[in-house]
Asks: 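This is the structure, below, for whatever I ask next.
If you read the sequence from its start, that first residue is 1, and numbering goes on from there.
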Amino acid sequence: EAAKFQDYFAHDEALASVPSHRALAMFRGRNEGFLSLNFTLPDSDDGVHPCEHLIANHVGIEAANRPADAWLNEVVRWTWRVKLLTHLESDLLGELRVQAEEEAIRVFARNMKDLLMAAPAGLRPTLGLDPGLRTGVKVAIVDGTGKLVAHSTIFPHQPRNDWDGSLHTLAELCKTHDVELVAIGNGTASRETDKLVAELMKKHPSLALTKIVVSEAGASVYSASELAAQEFPNLDVTFRGAVSIARRLQDPLAELVKIDPKAIGVGQYQHDVNQLKLSRMLDTVVEDCVNAVGVDVNSASAALLTRIAGLNATLAQNIVAFRDANGVFRNRHDLKKVPRLGERTFEQAAGFLRIAQGDNPLDASAVHPESYPLVSKFQAAAACDLAQLIGNSKALKSIKPADFVDANFGLITVQDVLSELEKPGRDPRPEFKAAAFNDAVTEMKDLVPGMVLEGVVTNVTAFGAFVDVGVHQDGLVHISVLSDRFIKDPHEVVKAGDIVKVKVMEVDLPRKRIALSCKLDAALPTAGDGVAKDRQSSPRGASRQSTATAKQPQRQQQGSAPLKSGTLGDLFRKAGVAK
């Protein structure tokens, strides 16, 4: 159990340069009883600790060949070793831990944002496959609105090996429900199931299917959640995961908001940090993402609506209930008929709630209803109706924002409305792309050093990025080989969800670790070189946190923020430990 901390058994590092991931690794090792941490300083030339000199100088004690000098020097030594050192270690370790936790929380939040803002494939009929071996592959089909329309189980793999029967079942389901997309979970039997779908596409080209491997992180958590039970009360838990996989391909944001962000596991040492601070930060990130994109009020789930500014769980449920009872909303002002949704709440939330194909084209944009009179003024200035004005860049650019500034609308508001009218309802998320995994590589044993593969970034930490290359084991691209230039933060060049090309540098089958490089011309390590422990791969899910317990090469240390100033901290700095 102690092996994962072996790089720290005789480790020295300047306090000011300890990066967050290494600090948290050492704290974890201490908490588990495998490491002890302490501060050390070299003695002065006379064999006396430098801090003892500082104390003696501060109180005016010096060696003058007096009878009491030996006793006074002993008092100074005890003052340092018994009183100050213990207090100092406690203070500085506490500061180091707080800074390391804050950095880890920021990393998690940034990864979460990248994941939520991943490109949606679009609301098209989708087949979701939750792969399995003995228990079979769970199949769920959702239509263009995300509604479950069919589900089944196929057994193409061992022990039943019903390959042909599985192909026939999938072909019939795809024909019946006009399926366009196939989402395959990336868990056990993922690549085997991917081969099944590839053969389905080859045998039935008329189906015009597109297959994508989707991260199923958190799908099992959703399956067993109260929210899933409310949404699918009569559906077996095993099929709910397949539904979630299909929906997160259609719209990652709309589906991932139903899962506790901590269950998605895209951070570093998430279980070691302050859980309250982590939850607050992640909740803020989720709300920011949802409001940046906006939601269709006629199709959004209660879980998604809850994240809209001004709404809470009760109001979100009321909106869904009102929609179910009275049909779709035709305009934003119909929202005021929802129980307990007052004028103040409407002001906060209306701009983020979209109504496609409603009575007013502006209801499908981010323009708030209180700005509709401003748009009417734009129409008059451009001498055209609303339909001709929306999306008309030439007409909108001819409007001078300063001419429309008054007591109700400032210059920034006018400019924002014009920008929104130019690209109404624009989605800030990127265009959808899918990684193309190598069909000849399905397991770790298929990997060969020097092989160049395409993969998907699944997690970004302070020391590098984890990449899924389709072998059920994420490989690590260390920060030193993420780019041809020096970088201090991996987020400078990659983010979760990015598609990258990587070169396999080393494969450690016994420990299930893969070292990758984004430098495709990098030379392979020679025998005996070894690879630093945190250059290795990580298992999926929560176990990824513990893999990063190794130290980075010294030349690529990622500096943390300076420790806070204070009397004891200043004393220690003057002694020469931290610069």
Asks: Side-chain contact test, heavy atoms from C-beta onward, threshold under 4.5 Å: evaluate it for Glu454 versus Val500 and give yes or no.
Replies: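 Sidechains of Val500 and Glu454: no contact.
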Asks: Do any N or O atoms from the side chain of His177 and from the backbone of Pro125 form a donor-acceptor pair under 3.5 angstrom?
Replies: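 It does not hold such a pair.
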Asks: Look at the side chain of Arg354 and the backbone N and O of Val297, then say whether any donor-acceptor pair between them is shorter than 3.5 Å.
Replies: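 Such a contact is absent between Arg354 side chain and Val297 backbone.
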Asks: Shortest non-hydrogen contact from Gly310 to Gln348?
Replies: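 Distance-wise, the nearest heavy atoms are CA-OE1, 3.8 Å.
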Asks: Taking all heavy atoms of Leu253 and all of Cys289, pick out the closest pair and write down the distance.
Replies: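 Of all heavy-atom pairs spanning Leu253 and Cys289, the closest is CD2-O, 3.8 Å.
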Asks: Please test Asp251 against Arg429 for salt bridge (charged side-chain N to carboxylate O under 4.0 Å, His left out), starting from the C-alpha separation and ending with a verdict.
Replies: CA-CA 11 Å; Asp251 189 344; Arg429 293 174 292 184; 2.8 Å; yes
Asks: Can you name the closest pair of heavy atoms from Ile259 and Ala217 and give their distance?
Replies: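 For Ile259 versus Ala217, the nearest heavy atoms are CD1-O, 4.5 Å.
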Asks: Is Val375 close to Leu386 at the side-chain level, that is, under 4.5 Å between some pair of heavy atoms?
Replies: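 Heavy-atom side-chain distance check passes, below 4.5 Å.
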Asks: Angle between ring planes, Phe322 versus Phe329, binned at 30° and 60°: parallel, tilted or perpendicular?
Replies: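 Because their plane-to-plane angle is under 30°, the rings of Phe322 and Phe329 count as parallel.
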Asks: Mark yes or no for whether Gln250, through its side chain, and Arg124, through its backbone, hold a donor-acceptor pair below 3.5 Å.
Replies: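 Indeed, once roles are kept as given, a pair shorter than 3.5 Å links the two residues.
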Asks: Can you spot which of Leu362, Asn392, Ile399, Asp416 makes a side-chain contact (heavy atoms from CB on, under 4.5 Å) with Leu421?
Replies: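 That would be Leu362; it is the only one of Leu362, Asn392, Ile399, Asp416 passing the side-chain contact (heavy atoms from CB on, under 4.5 Å) with Leu421.
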Asks: Hey, which of Asp474, Asn186, Asp498 is the one that makes side chain to side chain donor-acceptor pair (under 3.5 Å) with Thr458?
Replies: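 Passing option: Asp474.
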Asks: Does Asp359 come within less than 4.0 Å of Arg330, counting only side-chain N to carboxylate O?
Replies: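 The answer is yes: the pair qualifies as a salt bridge.
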Asks: List the steps and the verdict of side chain to side chain contact (heavy atoms under 4.5 Å, CB included) for Ile514 and Met444.
Replies: CA-CA 8 Å; Ile514 309 164; Met444 276 190 67; 3.7 Å; yes
Asks: Would you compute the distance between atom CG of Leu133 and atom CZ of Phe155 and round it to the nearest 0.5 angstrom?
Replies: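 Here the interatomic distance stands at 11.5 Å.
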Asks: Less than 4.5 Å apart, side chain to side chain, heavy atoms only: is that true for Thr126 and Val179?
Replies: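 The answer is no, as the side chains (C-beta and beyond) never meet within the 4.5 Å cut-off.
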Asks: Tell me whether the count of non-hydrogen atoms from other residues, nucleotides or ligands lying under 6.0 Å of CD1 in Ile412 goes above 12.
Replies: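 No, the 6.0 Å shell around CD1 holds no more than 12 heavy atoms from other groups.
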Asks: Any side-chain to backbone donor/acceptor pair from Arg240 onto Tyr222? Under 3.5 Å, distance only.
Replies: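 No; judged by distance alone, with no hydrogens or angles, the pair does not exist.
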Asks: Ile308 vs Leu353, test: side chain to side chain contact (heavy atoms under 4.5 Å, CB included). Steps then yes/no.
Replies: CA-CA 8 Å; Ile308 291 294; Leu353 300 172; 4.1 Å; yes
Asks: Work out which heavy atom in Leu304 is nearest to a heavy atom in Ala300; give both atom names and the distance.
Replies: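 Reported closest heavy-atom pair: CD2-CB, 3.9 Å.
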Asks: Mark yes or no for whether Ser371, through its side chain, and Val367, through its backbone, hold a donor-acceptor pair below 3.5 Å.
Replies: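 Not at all, since once roles are kept as given, no pair shorter than 3.5 Å links the two residues.
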Asks: Mark yes or no for whether His472, through its side chain, and Gly187, through its backbone, hold a donor-acceptor pair below 3.5 Å.
Replies: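 Side chain of His472 to backbone of Gly187: a pair is present.
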Asks: Would you say that Ile184 contacts Ile212 through its side chain, given a criterion of any heavy-atom pair below 4.5 Å between the two side chains?
Replies: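 With C-beta onward as the side chain, the pair stays apart.
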Asks: Would you please test Asn360 and His333 for side chain to side chain donor-acceptor pair (under 3.5 Å) and show each step?
Replies: CA-CA 10 Å; Asn360 189 335; His333 288 286; over 6 Å; no
Asks: Donor-acceptor pair, distance only, cut-off 3.5 Å: does the side chain of Ser190 make one with the backbone of Gly185?
Replies: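 A pair under 3.5 Å: yes.
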Asks: Any chance you could measure Leu311, atom CG, to Leu341, atom CG, to the nearest 0.5 Å?
Replies: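 It is 6.5 Å, given to the nearest 0.5 Å.
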Asks: Measuring centre to centre across the rings, with the benzene-like ring taken for any Trp, is Phe409 within less than 6.0 Å of Phe404?
Replies: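 That pair fails the under 6.0 Å test.
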Asks: If I take atom CG from residue Leu170 and atom OG1 from residue Thr193, how far apart are they, to the nearest 0.5 angstrom?
Replies: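 Those atoms lie 9.5 Å apart.
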Asks: Could you tell me whether the side chain of Glu101 reaches within less than 4.5 Å of the side chain of Lys277, counting heavy atoms only?
Replies: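 No; the side chains remain at least 4.5 Å from each other.
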Asks: Are Lys195 and Glu199 close enough for a salt bridge, meaning some N to O gap below 4.0 Å?
Replies: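 Result for this pair is no, no salt bridge flagged.
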Asks: Can any side-chain N or O of Glu231 pair as donor or acceptor with the backbone N or O of Ser301 at less than 3.5 Å?
Replies: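 Pair absent, no side-chain N/O of Glu231 close to backbone of Ser301.
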Asks: Please check: side-chain N/O of Glu103 versus main-chain N/O of Ala100, any donor-acceptor pairing under 3.5 Å?
Replies: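 No, the answer is negative, given that no donor and acceptor are paired below the 3.5 Å cut-off.
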Asks: Tell me the closest heavy-atom pair linking Ile319 and Val338, and the distance in Å.
Replies: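 Heavy atoms only, the tightest pair is N-CG1, 3.8 Å.
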Asks: Does Arg307 reach the main-chain N or O of Glu287 with its side chain, forming a donor-acceptor pair under 3.5 Å?
Replies: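 Checking the backbone N and O of Glu287 against the side chain of Arg307, no donor-acceptor pair under 3.5 Å is found.
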Asks: Give the minimum heavy-atom separation between Ile141 and Leu127, together with the two atoms involved.
Replies: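 For Ile141 and Leu127, the tightest heavy-atom pair comes out as CG1-CD1, 3.4 Å.
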Asks: For Leu209 and Leu181, what are the C-alpha separation, side-chain angles and deciding distance, and is it a side chain to side chain contact (heavy atoms under 4.5 Å, CB included)?
Replies: CA-CA 6 Å; Leu209 298 174; Leu181 302 171; over 6 Å; no
Asks: To the nearest 0.5 Å, tell me how far Asp272 CG sits from Gln275 CD.
Replies: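 The CD atom of Gln275 is 8.5 Å from CG of Asp272, to the nearest 0.5 Å.
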Asks: Decide salt bridge (charged side-chain N to carboxylate O under 4.0 Å, His left out) for Lys258 and Glu255; before the verdict, give the C-alpha distance in whole Å, the side-chain angles of both, and the deciding distance to 0.1 Å.
Replies: CA-CA 6 Å; Lys258 301 175 183 178; Glu255 189 62 24; 3.2 Å; yes
Asks: Run Leu129 and Lys138 through side chain to side chain contact (heavy atoms under 4.5 Å, CB included) and show every step you take.
Replies: CA-CA 6 Å; Leu129 298 175; Lys138 306 303 177 185; over 6 Å; no
Asks: Just wondering, do Lys423 and Ser393 contact through their side chains at under 4.5 Å, heavy atoms?
Replies: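 The answer is no, as the side chains (C-beta and beyond) never meet within the 4.5 Å cut-off.
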Asks: One thing to verify: whether Lys336 and Glu343 come together as a salt bridge, which I'm taking to mean a side-chain N less than 4.0 angstrom from a carboxylate O.
Replies: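 Between Lys336 and Glu343 there is a salt bridge, with a charged N closer than 4.0 Å to a carboxylate O.
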Asks: Nearest 0.5 Å please: distance from the CZ atom of Arg160 over to the CZ atom of Arg134.
Replies: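 So the gap between those two atoms works out to 10.5 Å.
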Asks: With heavy-atom distances below 4.5 Å as the criterion, would you say the side chains of Thr145 and Ser299 are in contact?
Replies: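 Counting from C-beta outward, Thr145 and Ser299 never come under 4.5 Å.
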Asks: Could you check if a side-chain atom of Val456 sits within less than 4.5 angstrom of a side-chain atom of Val467, using non-hydrogen atoms only?
Replies: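 A side-chain contact under 4.5 Å is absent here.
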Asks: Could you give the distance from CZ (Phe239) to OG (Ser152), rounded to the nearest 0.5 Å?
Replies: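 Result: 6.5 Å between the selected atoms.
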Asks: Quick test of your reading of the model: are Lys113 and Asp288 salt-bridged, counting only N-O distances below 4.0 Å?
Replies: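 Result for this pair is no, no salt bridge flagged.
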